[in-house]
Amino acid sequence: MTSSTGLSVKASDVRVIAPAWGAVYALSLCTFTLIASEFMPISLLSPIAHTLRLTEGQAGQAISISGVFAVLTSLSISSVIVTLDRRHVLLGLTALLIVSGTLVAFAPSYPVLMIGRAFVGVAVGGFWSMSAATVMRLVPEESVPKGLAILNGGAAVATTVAAPLGSLMGGLIGWRGAFFCVVPIALAAVLWQALALPRMPATSVRSSGSMVALLRRPAVLVGLIAVAFFFMGQFALYTYLRPFLEQVTHVSVGMLSTILLIIGVAAFIGNAVVGRVVQRSLTGTLVAAPAVMAAIAVMLAMFGASVTAVMCLLALWGLVSSAAVAWWTWVTRAAPDDAETGGGLMVAVIQLAITVGATIGGVAFDRLGAAPEFVGAALILAMAAVLAIAAGIMLARHLRQIGRPIRTGGRIS
C-alpha cells in the first residue's frame, strides 16, 4: 500500500511479529456470538410477535434490519476507522453484542427491539469487513487460510446450533431469556479478546484503497460478481429447504430436525478441512464449490421424493458450502494492500446477494414449484463457477503485474 509519505508499505510489514493464534481463537468465539445473535430470531418469531403484539411479518423485520445495517456498516467502516487501533475497534464491535442482547431481552416495545437488532447489524458488518485484514496481521501469510478457517469455525458451530437451541431455550425460559443468553457469551468474547489481541495500530492513510479504486481492478470486480452469484444461488435454494422437505420429500418434524442437524454437522466438518483444501488450490476451491452445489440442486429436483437420497445430497451440500470461506482468502490475495476495504465490499455484496437470492427464490417457489426453483438456483451456481474461473485467471495476472509470487501453498491455480 502507499503511505501518506509516498512510501510503499507491504501487507507483510504490518503483521505482528509472532503468530497470535490465541487471538484468532478469541475472534472465533466472537463469530459464534455474532451468528447466534443474527439468526436467533428465526426460531422465536411467533413468541416475539405474541408478546409485543406484532404480526409475524413485523417480527421478521428484526432479521431484515440487521442485514440492512450490516450492509451500511460494511460500506462505511473502512473510512470511519482510518486512524483507530483495530484492537479497540474489534472490542467495541463485540461489546455492541452485549448492548444488543440486553436491549432485545428487555425490549418493552417494537422500536426498542429494532434498535437492539440494528446494533447486531453494525457488529456483523463491521466485524466481517475487518476479519480477513485482521487475520493477515495475526498470523504468517502462509497460515492465513488456516486462520480464516478457524475464524469461520465459530460461525459454523453457531449455524448448526443457533436455531434449534434458540427454540429449546425459548420454550424453557422464554424468548427474552434466550436472547439474554447471548450476553454472557459476548462478555466472555470481549474479555478473551482484551487479553489475546495485540495492538494493531492504523498503518497509514490510504491513497489508493478506496472502494472505487478496488472496483477498477478487473480481478476484484469479476471476483465480487462471482461471490454475488455464489451466495445468490446458495440462498435461493437453502432459504426454501424446509418447505421443499415438507412438500416434496414429505418428512416428519423429527426427520426435518435430523436433516437440518446433518447439514450443520457436515458444514462443521467441512470447515475443519477447508483451510487445507484452499492451501492446495484457491481457484480450484472457488470453482468446485458452486459447481458441486449446482449438481446437488439438480439432483434434489430429480430425486427429492427419496428421503435417503435427499439426506445424502444435503450432507454433501453442507460439506461443500463451507468452502465459502475461500472467498475471504481471495480477498487477501486480490486486495493485499487494503483488505479492510475489500472485506467491506465483500460483506456488502454477500448480504445483498442473500437478500436477492431469497427474494427471487421465493417468487419462483410460489409460482413454479420446488423443482423448477431448485434448477434455477443450479443455473445461478453454475454461473458462479464460470465467473470464479475468470476471477482466478485475472487474479493470477494481477499478481504477476505487481510482482507478487503465486505460491505453491495456497496457489491460485
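What you see is a predicted model, and the numbers here were worked out from it, not measured in a lab.
Of the possible polar contacts, none joining the Ser66 side chain to the Val120 backbone as a donor-acceptor pair under 3.5 Å is found. Not one N or O on the side chain of Ser143 forms a donor-acceptor pair closer than 3.5 Å with the backbone of Lys146. Panel note: side chain Ser129, backbone Gly125; a donor-acceptor pair is recorded below 3.5 Å.
Of the residues listed (Leu237, Val320, Val298), the one engaging Met293 in a side-chain contact (heavy atoms from CB on, under 4.5 Å) is Val320, and it is the only one.
Side-chain contact check for Val139 versus Val144: some heavy-atom pair is nearer than 4.5 Å. Trp328 is listed as a side-chain neighbour of Ser131, based on a closest heavy-atom distance under 4.5 Å. The closest side-chain heavy-atom distance from Leu90 to Met200 is below 4.5 Å. Taking 4.5 Å as the limit, every side-chain heavy atom of Leu345 sits out of range of all side-chain heavy atoms of Val331. Proximity of Leu314 to Leu300: side-chain heavy atoms (C-beta onward) are separated by under 4.5 Å at one or more points.
Within a 6.0 Å radius of CZ in Phe231, more than 12 heavy atoms belonging to other residues, nucleotides or ligands are found.
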* Worked verdict on Asp85 versus Arg199 for side-chain contact (heavy atoms from CB on, under 4.5 Å) -> CA-CA 7 Å; Asp85 188 320; Arg199 291 184 65 253; 3.7 Å; yes
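In this structure, a donor-acceptor pair under 3.5 Å is absent between the side chains of Ser321 and Gln234.
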